[in-house]
Every structure is written in C-alpha cells, then in structure tokens.
Asker: 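My questions all concern the structure below.
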Amino acid sequence: MPAESMDFLAGLNPQQREAVTFTGGPLLVLAGAGSGKTRVITHRIVYLIAEMGVRPDHILAVTFTNKAAEEMCQRVLAMLPEGRSGNPRLSTFHSLCNRLLRRHAARLGYTSDFSIYDSDDQSKVMKGCLQEMSIPESILLPRKACSIVSRAKNSSRRNEFATRAFRDHRDADLYRRVLALYDQKLRASNAMDFDDLLLNALELLEEHDEVRLRHQEQTRHLLIDEYQDTNRLQYLLVKQLTQPPYDLCAVGDEDQSIYRFRGAHLGNILEFEKDFPNVRVMKLEQNYRSTQRILEAASSVVRNNRERKEKTLWTRNDPGDLVRCLASNSGIDEAEAVGKVILALKRDGLDDTFAVLYRTNFQSRYFEEVFKRNAIPYTILGGLSFYARAEIKDLIAYLRLLRNPGDSMALDRIINVPARGIGETTMDRLRTHAAEQGLSLWESVEAFARDPELSNRACCPLAGFVHLVQQLRMEMPSSPLAAFLESMAERIGYVKMLEEENSPESLSRLGNIEELVRAAHEWEGQGLSVSDFLDQASLASDSDNYDSKSHVTLMTLHSAKGLEFDVVFLVGMEEGLFPHGQSLQNHADIEEERRLCYVGMTRARRRLYLSWARFRRTFDPFALGENLPSRFLSEIPATVLETIENGYSSRESSAWSSPFQAEVPQKERKPYAGKSYDSVDSMKEFLRRRGGGAPARSGSRAAALPPPPTDPGGPNDFPPGTRVQHPQFGEGVILQALKEGDETKLNIHFSNFGRKKLIQRYSNLVKI
DNA sequence: GCGTTTTTCCTTTTT
DNA sequence: GGAAAAACGC
C-alpha cells in the first residue's frame, strides 16, 4: 500500500477501517450517534478512488441535506490526489431526482422547465381542489389534506394510487379523488411537488429501460447516508439505482429515525438484511463526540423504545459534567435562564458553540427576545427563512413564470404585484375561462389580452402584463443571472413600489432584494444558470444555512440532525410539547419523539442542559394549565442528572393567561384527565428524589396558580381537554365549556367534522 | 379595483 | 401575539 493510503486509514478505528475497505457486496453500517459516520462515508469514497481505481463519477453518494453533500464533497476532494478524472457525485435524493427529471421530462409528459411547488403552493392548489369538490374546510383542512396526500405519495408508486394509496384509511375513496384532482392540477401547470420528484424519478427508472440502464452504468458504487430516514419510495429508488452484485453501502442508525411523518420507514433499516442478499452488517459503537454522562443519559432515554436493534454506545471521553435540568416557571424565564448560562460560559472565554434546540418553530421567540436584549449574537434556522420572505418569493415567482409559463401558482401570486389593475373579478373570470377551455391560466391571460370584445379597463392591464412577461422571457436565457434579476426587479415595478412605500419594512425588503442579487452574482461565478438558481431556491433546506462559525444557533430538533455543538440546550421538555401533544395517542409516535430526544441530546459535545417550564403561553386547545415535565426527563438516571430550580418569579400570574383559557370560568378549569398522563406520580416522585423539583405550593402564591389537581369529575362534567365520543360526529376534544343558567354549552373539535357547538344535555356525549 | 381595518385562526416536525 | 383572510369604505 502506498504511504498515502496508510495515512488516511491511520486515523480510523478497526471497525471504521473495516467499513471503509469492505467491498464484497451490500454493506449496512449501523453507526451510533457521533461514531464517525461521515468519516466512514468520505473515507470510503476516497478509498474506492485512490485504492480500488474506481472512476470518481461512477460513485454516487446520497445524503440528507445539500449542506452535508457539499461538506462531504469538500472533505473528499481534499483527500484525493490530483489528476483524477471527474468528481464523485454527492447529492440529496431530491436534487438527484430533479436532475434526472430535467433531462428526461418529456418521457413523462412534462417539459424540462417544470416548476417545483413548495408547501405554500401545494396548499393553495389543495384549497382549490377542495373547493371544487365542495368539501368544506371544517371537514378537511387544505394543509391536512396535503400531508395525508404526501404520506400516501411517499409510500406508493403512481400506478398504485388507485388501489394501494390510503388503503388503511376509512375515507380512502374521498382521498383518492382529492389526490387525482390535485395531481391533475399540478400536471396542468407543468409542476411537481417534492414528492413528485421522487415519484416521477422512480417511474422514469422503472419504466424506461434505457434510462435505467444508462444510470446503472453510471452508478457502480452507491452510498446512502441516514438510511433510517428513507421512505418506501426512496427504497424503491435505491433498488433501481443499483443492481446485483450491489456495491451498496447504507449508513444509518435506527435510533435517529425522526421522519416517520414524512413516510420514513424504519423497516427499511430493520429489514435491510432481508432486502439485499449476502449483506454484511457492521456496527460502529464508539462515540467520539460526547462525554460519558451525556452518552449515558441519552442511551437511557432511547433504551425505552421497543423497535430498535440492541447496541451499546461507549466512549473513551471524560465523564464530563452532570447533565443539568433547568426547571423554570414560564417560557420567558426559561429563555432567560438559558441566556444567563450562555453569558456565564462565554465569560469563561472559551470559543464554544451553543445550540438551543426545540420541538416546534414557534418556541424560538422568547429566546430571540432575550438574546437580543442581552447582546448575545445568535443565528436562527428555519422559521421564516430567506427564501420564504414575501419579496424573495415574489421575484422567484416571476422567474418561475418566465421559465415555465404553465406555472399557475407563480402567475397567481405576481400578476397583480405590484398592483396593475388586475383584481379578483378579472382573476375569477380568467380562472373560469381557463377551466372551461382547458387552458392554463397563462394561456387564458393571453387570450383575454387579445380579445377585442373586452373592455379596455380590463384588457389593457392584461395586455401590458403579457407584453412585459414576453419581453423578459426572451431576454432571460441570454442575460447573466444577477444583472437580469436586477433589471427585472426594476422593470416589473417592484423596486418602485417599495421605494414609494418608503417604510422601514419596505426598505428592509429592498435590502433583501439586494442580497438576492448578490447571491445571484456568486452563483453566476460558479456557472449557475437561472434554472439552477430556481432549483437551489426550491430544494434548499434549513440546515443548508447552518454556519458552524456562529456561536449560538437556534433551530428545531429536526434541523439539528447531523450537527454537533459544545453546549446544547434542549428546551420545552414538557408533556404535550415534547413529546408533542399530537404524538401522545399512539406508541409508534411516542417512540419517534423519544428518538428525536435522543438525537437532540447526542448533539452535545461537552455540556447538555434540558429545560422545561411549568407554564407556557399557548394557543393549543389541548393545552392544560400546569405542565408536567417531559417523561423523557424521568428516563434519565439520577446519577447523571442535576436539577437546577430556576425559582418562582413574580411573573407567574401573567404566564397563566392564555386568551383561550381566560374565557373558561375558573371553576371549570380542570387538569387533563386522559390516560396519556399516567406517569404523573412517578414524575413528581422523580423530581422530589432529586431535591429541588416542584416544591409544595403555599401561601399567596397558590392563589395565583390554577386550582390543584382534582378528580376528573362525574359523568356529566366535561372540562376542556376531555376526549369524547359523539354518536354522529365521532371522536372529539372539548375546547371550551360555558355554563349558562343550568345549561352547559360545549365547544368541541371533532377530528372528522371540525368544530361544533353543542348543548351538553342533548349531546349524548360519552367520555373516552 | 384598491387600500385599510377587523376578524380569525393558529402551531408539529421538512425535502 | 401575529399573519392571513374577510369585511368595509372609497
């Protein structure tokens, strides 16, 4: 072996080395958190090229985010000797499929200029579908419909829709019709949603032999990262991308599977050995990232899951500090406690990286406020990302319309932005005309603009708009990206509109546009076209924006996957928030929440703080007065945990003031009585054992707090939060109970019928 | 058809 | 507490 290769293998432990150099067929690497998963993938790529003489472009590695792909690519290139031919291909499933489809779109009846619809576009299309089918929102919300449809799409081939999709569902027939109409609309706009990218790529490979063969020829070595989060569609794609004898290397950790809601199928990794013959399975169990105590705490939590392969993660690292549990009174106090810890640790002068991880995006708010007030520089991922800002979406919608005239969502968005006298009435007529004549919205606009019958008032603005778009469309292909964007923003009147508004917001929007132009300049330098720019904007993920040099980063637990930090704060650890209230009903969902907790905890290198708040302002109808600490906290052994009581402050009464709960008469406020909270006692016991914990209430404070837990009440008592069964409406949850005279009016949310107001006496409700 | 004010509803998690 | 839809007045 050349000295060089000895070098790059020298940094690996025996198991890693084995995984890197094994080439005798399909390989599954079960890699625990922090066990050097990325190193295995990058070194394996380098090994294949440098040692096995594999042509770089015969290697395809699929990762979860573009950022991960890019980083791996850079590490690989740094290790490779000069003078090779081509680069290995590293990409996400979605970008891979996108590229494949752009090349072969015609075979599936799209043009290569197809648009990619984001979740906003999706729910707008869905809204239209439901309206056309006269399904009121009270029965099916557009976004809910989108997620149901998306899940079905991620587990079926397109030609299976009519039979296989929704097969477990009570309303399968209804959903199939919704899906069919939704699909038809997207197709008519020459558009694909995220799921279509996978679905169509699969169809392309399965049904077009020459495409598949060419691709298999190109992909002799396939590596897949985060295999635990692949869904059925991705699994089927993997099978199409390679062929026996597979050189397939899948790397994953079933304990870190956190995308079940998106169709991720744990079976993919648990049954890998059945799917591929003669598979070799290797385990990486030495953790290089975290301290012993952090690892012990995280392992004890995830051990409570049933659906997993047994493995023992260990480390040679220091024992480290105890994991700390911060118990605060309110969400604001929680944020302040975290801020204080960060300031204290920063005072020690270390160059530590910090992360605040939460279950849901809305939790970021208090942290932002506190960090701003205390001059703690932070970066926030997700929430309103750059591409989600209105002005950026508008300009991108213009580009989308220029590239793909069929893109009705883009057209709809910008036809009257800035205002050009094309209002709702005209739009209604355009839509009707399009539907009647089987035209796209754009074709309908063109027709109206030419129609001599039409009044000038309606016609002129349309004609002007058509002319503008046609001109821009002609110029676009030949102009450099940044210059084109800039001149477009000018000519469509967008800049003028913002300048005339002349408010602080409009000025910041102008700033954002400048930033977009700057970004375009950079991409232009890398030889990217308008099309690439649009794809980048659609397929970018939140963690793609993560900057490891930033000292404090706020993000959801999901976005934190694959990242690591010196100090991690896992906040909002309360029953109902984490685990999330929507996950309490079924065991598989709880297990997923637990894995999410495991992922969060194992992001920490040196210090881990877990935090919860007794009261939290919320608009969730499931919210129930005082919070209980998350069950995950009670799963951590006392020997590695230290509880810090972030005492009762004067704010507790204001923390207890949800606008919703304020409407409920004091007397009827009752703690949730459902059986999901069966561990109340163990939780209290757990806190007492640790000293600190929830002290007994006494004196004046008790008056400001909600009444202490009492019995759920008799059969005629329906406090908010109670789950009920109705003879016609099925299952529901009491949102509100109002006593009026001797009647009680109940406001109930039924899962299949939406909200209803019923008089309790006549309702025939049964508690469940 | 446009701009402002009022009301509503909301909150899982993401490519 | 804030964005998006609806309602209202011009």
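Letters go in sequence order (proteins before strands), and every chain restarts at 1.
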Asker: Within the 4.5 Å heavy-atom criterion, are A/L204 and A/L108 side-chain neighbours or not?
Answerer: yes

Asker: Mind checking ring pair (Phe, Tyr, Trp, His ring centres under 6.0 Å) for A/Y182 and listing every partner two or more places apart, or none if nothing turns up?
Answerer: none

Asker: Between A/D535 and A/R403, is the closest basic N to carboxylate O distance under 4.0 Å?
Answerer: yes

Asker: Pull out every residue in residues 250-265 of chain A that has a heavy atom closer than 4.0 Å to any atom of DNA chain B, ordered by number, or say none.
Answerer: A/Y259, A/F261, A/R262

Asker: Between A/Q228 and A/E226, does a side chain to side chain donor-acceptor pair (under 3.5 Å) hold up when you go through it step by step?
Answerer: CA-CA 5 Å; A/Q228 76 280 359; A/E226 313 276 15; 2.8 Å; yes

Asker: Taking all atoms of both residues into account, what is the closest heavy-atom pair of A/C97 and A/L237, and its distance?
Answerer: SG-CD1, 3.8 Å

Asker: Can a side chain N or O of A/T556 be found less than 4.0 Å away from OP1 or OP2 on B/dT14?
Answerer: yes

Asker: Taking side-chain hydrogen bond (donor to acceptor under 3.5 Å, both in side chains) as the test, write out the residues that go with A/T38, two or more places apart.
Answerer: none

Asker: List every contact pair, protein side and nucleotides 3-6 of chain C side both N or O, where the distance is under 3.5 Å.
Answerer:
none

Asker: Verify the distance criterion only: is there a donor paired with an acceptor across the side chains of A/R400 and A/N404 at less than 3.5 Å?
Answerer: no

Asker: Does a salt bridge link A/E593 with A/R359, judged by any charged N lying under 4.0 Å from a carboxylate O?
Answerer: yes

Asker: A/S147 or A/F362: which one's nearest nucleotide on DNA chain B is closer to the 5' end?
Answerer: A/F362

Asker: Of all residues at least two apart in sequence or in a different chain, which pass the ring pair (Phe, Tyr, Trp, His ring centres under 6.0 Å) check with A/Y598?
Answerer: none

Asker: Specify the separation, in whole Å, of atom CG of A/N154 and atom P of B/dT13.
Answerer: 18 Å

Asker: Side chain of A/T426 only, heavy atoms from C-beta on: which candidate in B/dT13, B/dT15, B/dG1 is closest?
Answerer: B/dG1

Asker: In this structure, how many angstroms lie between the C1' atom of B/dT14 and the CD atom of A/E226, rounded?
Answerer: 14 Å

Asker: Within this structure, what is the CD-to-C1' distance between A/Q363 and C/dG1, rounded to whole angstrom?
Answerer: 16 Å

Asker: Is the closest side-chain donor-acceptor distance between A/R151 and A/N231 under 3.5 Å?
Answerer: no

Asker: Partners of A/E592 by salt bridge (charged side-chain N to carboxylate O under 4.0 Å, His left out), sequence neighbours excluded?
Answerer: A/R595

Asker: Show me the protein contacts with nucleotides 2-5 of chain B, counting only N or O atoms at under 3.5 Å.
Answerer:
unit_1 : atom_1 : unit_2 : atom_2 : d
B/dC2  : OP1    : A/G421 : N      : 2.7
B/dC2  : OP2    : A/N416 : ND2    : 3.1

Asker: Taking B/dT13 as the reference, what is the distance to C/dA4 when you measure between their P atoms (whole Å, please)?
Answerer: 15 Å

Asker: Parallel, tilted or perpendicular: which describes the rings of A/F64 and A/Y259, with under 30° parallel and over 60° perpendicular?
Answerer: tilted

Asker: Which protein N or O atoms sit under 3.5 Å from an N or O of nucleotides 8-10 of chain C?
Answerer:
none

Asker: C/dG1, B/dG1, B/dC10: which one has an atom nearest the side-chain heavy atoms of A/R365?
Answerer: C/dG1

Asker: Does A/F93 have any ring pair (Phe, Tyr, Trp, His ring centres under 6.0 Å) partners at least two apart in sequence or in another chain, and if so, which?
Answerer: none

Asker: May I ask you to say what A/D118 touches in the nucleic acid, namely base, sugar-phosphate or nothing, with a heavy-atom cut-off under 4.0 Å?
Answerer: nothing

Asker: Give a yes/no on whether any side-chain N or O of A/N361 is located under 4.0 angstrom from OP1 or OP2 of B/dT14.
Answerer: yes

Asker: Is the shortest distance from a Lys or Arg side-chain nitrogen in A/K37 or A/D253 to a carboxylate oxygen in the other one below 4.0 Å?
Answerer: no

Asker: Tell me every residue that passes ring pair (Phe, Tyr, Trp, His ring centres under 6.0 Å) with A/H94, counting only those two or more places apart in sequence or in another chain.
Answerer: none

Asker: Once you round it to whole Å, what is the distance between P of B/dT13 and CG of A/L381?
Answerer: 14 Å

Asker: May I ask you to say whether A/R631 pairs ionically with A/E575, meaning some side-chain N is under 4.0 Å from a carboxylate O?
Answerer: yes

Asker: Provide, to the nearest angstrom, the distance between the CG atom belonging to A/D120 and the C1' atom belonging to B/dT14.
Answerer: 13 Å

Asker: Could you write out DNA chain B as a dot-bracket string, with dots for unpaired bases, | for bases paired across to another strand, and Watson-Crick or G-U pairs counted at under 3.5 Å?
Answerer: ||||||||||.....

Asker: Counting any heavy atom closer than 4.0 Å, what does A/S95 reach on the DNA or RNA strands: base, sugar-phosphate only, or nothing?
Answerer: nothing

Asker: Just how far, in rounded Å, is C1' of B/dT12 from CD1 of A/I590?
Answerer: 13 Å

Asker: Considering only distance and modelled atom types, tabulate donor-acceptor pairs under 3.5 Å from the side chains of residues 411-418 of chain A, sequence neighbours left out.
Answerer:
unit_1 : atom_1 : unit_2 : atom_2 : d
A/D412 : OD1    : A/R431 : NH1    : 2.6
A/R413 : NE     : A/D394 : OD1    : 2.7
A/R413 : NH2    : A/A390 : O      : 3.3
A/R413 : NH2    : A/D394 : OD1    : 3.2
A/N416 : OD1    : A/R420 : N      : 2.7
A/N416 : OD1    : A/G421 : N      : 3.4
A/N416 : OD1    : A/I422 : N      : 3.2
A/N416 : ND2    : A/I422 : O      : 3.1

Asker: So does A/H580 get a side-chain nitrogen or oxygen closer than 4.0 Å to the phosphate oxygens (OP1/OP2) of B/dT12?
Answerer: yes

Asker: Within this structure, what is the OH-to-P distance between A/Y387 and B/dT14, rounded to whole angstrom?
Answerer: 18 Å

Asker: Below the 4.0 Å mark, does B/dT15 have OP1 or OP2 next to a side-chain nitrogen or oxygen of A/S119?
Answerer: no

Asker: When the distance from CG of A/N66 to P of B/dT15 is rounded to whole Å, what number comes out?
Answerer: 9 Å

